[in-house]
Amino acid sequence: MSESIQELFEQLEFKENPLYEQIIQDILEKKYSIIDGFFNEAEVAILRSQLLKKYEEDNFKKAAIGNKTSEVIERSIRGDFILWINEAEAGIAEKTYFNKINSLIDYLNRTCFMGILAKEFHYAVYPEGTFYKRHLDTFQNDGRRKLSMVCYLNDEDWKPENGGELAIYTQENGEEDQINIFPFPGRVVIFESQELEHEVKPVKVPRLSITGWLKTR
Ligand code: OGA
Ligand code: NI
């Protein structure tokens with residue numbers, strides 16, 4: 001009896017997850033994946049209110065460029081404000097967030113041997129008129145960032161006219177292509193940190209997100 005339950009658990013654990021499989025296939029094929037509804041409306045709402053509370057309490061800092069020993073605040077390159085999230089001190093909303101992320105990481109490591117050993121995430125607010133010029137995510141810190149992951153926490157009625165698209169630049173046969181992605185709530189974009197240059201277009205309305213990196217050793 002207990003043996004068959006054990007077997008059932010093993011089957012469950014190793015069963016393919018169609019959503020994760022889609023993400024993996026996208027990344028293998030085009031180095032990025034766009035997942036709508038990765039977080040549902042209720043999850044987005046609670047994370048957004050958490051972000052806004054901390055923003056109003058003045059916990060956010062102007063985001064810098066460069067590495068940790070030589071950080072420079074350069075408003076002509078990026079104008080967002082960020083707050084790093086400590087998983088050990090996460091509240092209920094953030095725990096839900098990390099549960100989903102950790103489940104994805106486990107799956108990637110188990111099925112693709114990605115070797116994700118660390119992660120870092122921050123809230124981000126782009127006030128009206130700000131942007132982040134074209135860049136690669138690796139120059140920020142170190143070469144350990146493997147996958148970049150952005151989750152948008154904007155209001156349900158976010159309009160394309162608000163701007164703030166994430167533009168991803170892809171190369172195919174020496175030709176450059178640009179994919180413009182609207183920051184709709186609940187949408188998650190994952191892309192290869194070392195491979196794809198990208199930018200955040202100027203926003204007309206404050207733009208809210210959690211951005212993070214899955215890192216190798
Ligand atoms: C970044 C970044 C993209 C986005 O923080 O490095 O590129 O859509 N963010 O917010
Ligand atoms: Ni970036």
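Just follow the structure's listing: the first ligand is 1, and inside any ligand the first atom is 1. As a basis for the values below, the full set of heavy atoms in this structure was taken, side chains included, without hydrogen atoms, waters or symmetry mates. Quick caveat: nothing in here was measured; it's all calculated off a predicted structure.
Of all atoms in ligand 1, listed by their number and element, those nearer than 4.0 Å to a heavy atom of Asp137 are 6 (O). Heavy-atom contacts of Thr211 reach the following atoms of ligand 1: 5 (O) (cutoff under 4.0 Å).
Checked against a 3.5 angstrom limit, the closest N/O atoms of Arg207 and ligand 1 fall inside it. Checked by distance only, ligand 1 and His198 come closer than 3.5 Å through their nitrogen or oxygen atoms. Some N or O of Tyr152 is nearer than 3.5 Å to an N or O of ligand 1, by distance alone. Checked by distance only, ligand 1 and His135 come closer than 3.5 Å through their nitrogen or oxygen atoms.
Looking only at side-chain heavy atoms (C-beta outward), Leu214 and Phe121 come within less than 4.5 Å of each other. Counting only heavy atoms from C-beta outward, the side chains of Tyr152 and Phe182 never approach each other to under 4.5 Å.
In this view, Glu94 and Lys54 satisfy the salt bridge (Lys or Arg N to Asp or Glu O under 4.0 Å) rule, not counting sequence neighbours.
Taking CG of Leu19 as the reference point, atom CD1 of Ile24 lies at 10.0 Å (rounded to 0.5 Å).
With no hydrogens or angles considered, a side-chain donor-acceptor pair links Ser103 and Tyr20 at under 3.5 Å.
The atom name of the N/O/S atom in Asp137 closest to the Ni ion (ligand 2) is OD1. Closest approach between the Ni ion (ligand 2) and any N/O/S atom of His135 involves NE2.
Ring centers of Tyr123 and Tyr55: at least 6.0 Å apart, outside the cut-off.
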